[in-house]
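Everything on this sheet refers to the single structure shown next.
Below, all heavy atoms of this structure are taken into account, side chains as well, without hydrogens, waters or symmetry copies.
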Amino acid sequence: MNNTKSLNKKFKTKQFKAVLRLVVLIFTIISLLIGTAWSWFADQKEATASGISMTMQTADFLAVSIDGGNTFHSSIDILNDSMFENLDMRDLTSGDGKTLLIPAFTGEIGELKVDGSKTWSNAVENVDYISLPLTFRSSVAADIYIAAGTKVVTNCEIVKADGAISPEVLLGEDTHNPSSYGNFSKDAIVGALRMSAIDESNNVKFIWIPRPDVFLTVSNNLQSYALRVGADTIGTTSRTHYCYDSAYNPVSYAKTTLSSAGAFSADVNKAPADATTKLGTADTPDGNGYFTCNAHINIWFDGCDNEARRALSNGEYKLLLNFVAIPTNA
């Protein structure tokens with residue numbers, strides 16, 4: 001009898017691990033429609049967001065909470081969650097991915113300059129930017145990673161390239177969602193998007209620049225715009241992305257920055273060699289037979305980027321966040 005129980009337990013454990021190695025979490029902001037977006041140096045108005053929806057899918061053995069662990073879900077519609085009812089995204093800046101600032105300016109519209117002599121305002125979470133507190137819950141101790149397949153795809157690429165990362169389709173007279181400022185798509189606003197991941201010890205794991213493959217060039221008089229994409233951005237200033245730190249100093253992003261459309265490589269079978277994309281380890285028992293860990297995701301537009309321009313007003317994109325869990329005793 002004892003031998004039978006032992007064999008059954010081993011079989012269930014082995015079966016569970018096999019299932020756990022499947023994709024355990026797909027967290028998708030299905031359609032994030034960016035409203036009006038102006039560069040700091042082009043106009044004083046703010047960026048806004050509308051039409052936001054988010055779905056999340058998870059297997060039974062892994063769930064996630066965005067309310068501190070009070071409720072866990074396998075799917076969430078961001079439009080129906082009170083956390084995001086006041087979301088109206090605007091162009092901000094952050095050097096560390098934790099403190100997001102609204103700079104003070106001096107000058108007239110069209111000639112604005114960032115003013116470090118004034119006090120800057122702190123951005124308000126889930127009003128000025130997306131702030132997601134995540135609690136992961138697993139039936140076994142496991143490491144949680146942001147996984148391969150995490151990407152930002154423009155609606156232009158969805159319409160014209162079946163959802164593949166293909167920045168060249170953002171160019172041309174027949175592009176989707178064309179800008180009135182040139183023969184390019186307004187969806188190139190994704191170049192100004194940023195995402196940071198923070199673990200439960202308040203350490204920033206990384207800041208992600210998801211689309212460095214798009215770069216909007218602007219003439220000195222702000223009257224002429226041109227979009228450069230893909231390999232054509234190599235050697236341009238788009239390869240050096242700037243922001244302002246908490247002391248109001250212009251800085252380039254730190255070495256923890258991930259700057260790639262395909263920055264994540266963790267898959268359902270193995271963790272990446274670089275643990276930068278590891279959000280944490282679910283190894284804290286919660287008293288109900290589960291193991292938990294916390295993490296935090298921030299998503300914002302940085303006004304330092306040329307892509308935060310009115311020429312890209314009403315750009316559209318889809319953000320897909322994939323997570324995988326790998327048992328620590330595997």
Side-chain angles (χ1 to χ4, degrees), residues 16-17 19-30 32 52-87 96-100 124-127 129-150 194-208 264 266 268 271-272 275-300 319-330:
F16 179 83
K17 289 181 179 179
V19 176
L20 192 62
R21 290 179 184 278
L22 297 175
V23 175
V24 296
L25 186 63
I26 302 177
F27 183 8
T28 308
I29 298 180
I30 287 190
L32 189 53
I52 301 170
S53 63
M54 176 176 67
T55 61
M56 178 175 57
Q57 298 177 359
T58 175
D60 293 338
F61 48 78
L62 183 70
V64 68
S65 170
I66 60 172
D67 62 6
N70 293 320
T71 57
F72 286 85
H73 305 273
S74 60
S75 64
I76 296 176
D77 185 343
I78 195 172
L79 290 177
N80 294 328
D81 196 295
S82 60
M83 178 184 298
F84 305 103
E85 63 184 4
N86 296 316
L87 183 65
D96 61 8
K98 291 191 291 187
T99 303
L100 284 90
V124 179
E125 63 180 26
N126 295 324
V127 175
Y129 67 100
I130 297 173
S131 176
L132 295 172
L134 304 175
T135 300
F136 294 97
R137 186 178 75 178
S138 173
S139 297
V140 298
D143 292 327
I144 310 298
Y145 290 85
I146 293 184
T150 294
R194 303 288 183 268
M195 186 179 85
S196 64
I198 304 164
D199 66 20
E200 58 187 5
S201 297
N202 204 33
N203 298 312
V204 178
K205 301 296 293 185
F206 61 81
I207 295 176
W208 181 35
F264 304 98
V268 296
T276 299
T277 58
K278 177 181 171 181
L279 295 180
T281 300
D283 60 357
T284 303
D286 66 358
N288 296 311
Y290 295 104
F291 297 87
T292 65
C293 71
N294 299 313
H296 203 104
I297 296 290
N298 290 325
I299 302 167
W300 73 98
L319 170 62
L320 297 98
L321 282 171
N322 293 352
F323 299 86
V324 293
I326 299 176
T328 55
N329 60 352

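By the salt bridge (charged side-chain N to carboxylate O under 4.0 Å, His left out) test, Asp143 pairs with Lys278, sequence neighbours left out. Considering only residues two or more places apart in sequence or on other chains, Asp67 meets the side chain to side chain donor-acceptor pair (under 3.5 Å) condition with Ser65, Thr71. Under the rule for a ring pair (Phe, Tyr, Trp, His ring centres under 6.0 Å), Tyr129 has no partner lying at least two apart in sequence or in another chain. Every residue meeting the side chain to side chain contact (heavy atoms under 4.5 Å, CB included) condition with Asp286, not counting sequence neighbours, appears here in chain and number order: Arg137, Asn288, Tyr290, Thr292. In terms of the side chain to side chain donor-acceptor pair (under 3.5 Å) criterion, Thr284 has no residue partners (sequence neighbours excluded). Partners of Ala148 by side chain to side chain contact (heavy atoms under 4.5 Å, CB included), not counting sequence neighbours: none found.
Looking only at distances, a side-chain donor or acceptor of Asp199 sits under 3.5 Å from a matching main-chain atom of Ser201. Counting only distance, with no hydrogens or angles, the side chain of Asn294 and the backbone of Glu200 share no donor-acceptor pair below 3.5 Å. Thr281 places no side-chain N or O within donor-acceptor distance of the main-chain N or O of Asp283, the cut-off being under 3.5 Å. Counting only distance, with no hydrogens or angles, the side chain of Thr150 and the backbone of Leu321 share no donor-acceptor pair below 3.5 Å.
The shortest distance between side-chain heavy atoms of Val127 and Leu87 does not fall below 4.5 Å. Trp208 is listed as a side-chain neighbour of Phe264, based on a closest heavy-atom distance under 4.5 Å.
Rounding to the nearest 0.5 Å places CD1 of Ile198 at 10.5 Å from CG of Leu279. Between the OG atom of Ser196 and the CZ atom of Phe206 there is a distance of 8.0 Å, given to the nearest 0.5 Å. Taking OG1 of Thr99 as the reference point, atom CG of Asn298 lies at 9.5 Å (rounded to 0.5 Å). His296 contributes atom NE2, which lies 5.5 Å from atom CD of Glu125 (distance to the nearest 0.5 angstrom). Atoms CD1 and CD1, on Ile326 and Ile144 in that order, are 9.0 Å from each other to the nearest 0.5 Å. Note that the CD1 atom of Ile297 and the CE atom of Met195 stand 4.5 Å from one another [nearest 0.5 Å].
A donor-acceptor pair shorter than 3.5 Å cannot be found between the side chains of Ser131 and Asn126.
The two residues Ala266 and Pro272 come nearest to each other via the heavy atoms CB-CD, 3.4 Å. Listed here is the closest heavy atom pair of Ser138 and Val140: OG-O, 2.7 Å.
With ring centers used as reference points, Phe323 lies under 6.0 Å from Phe136.
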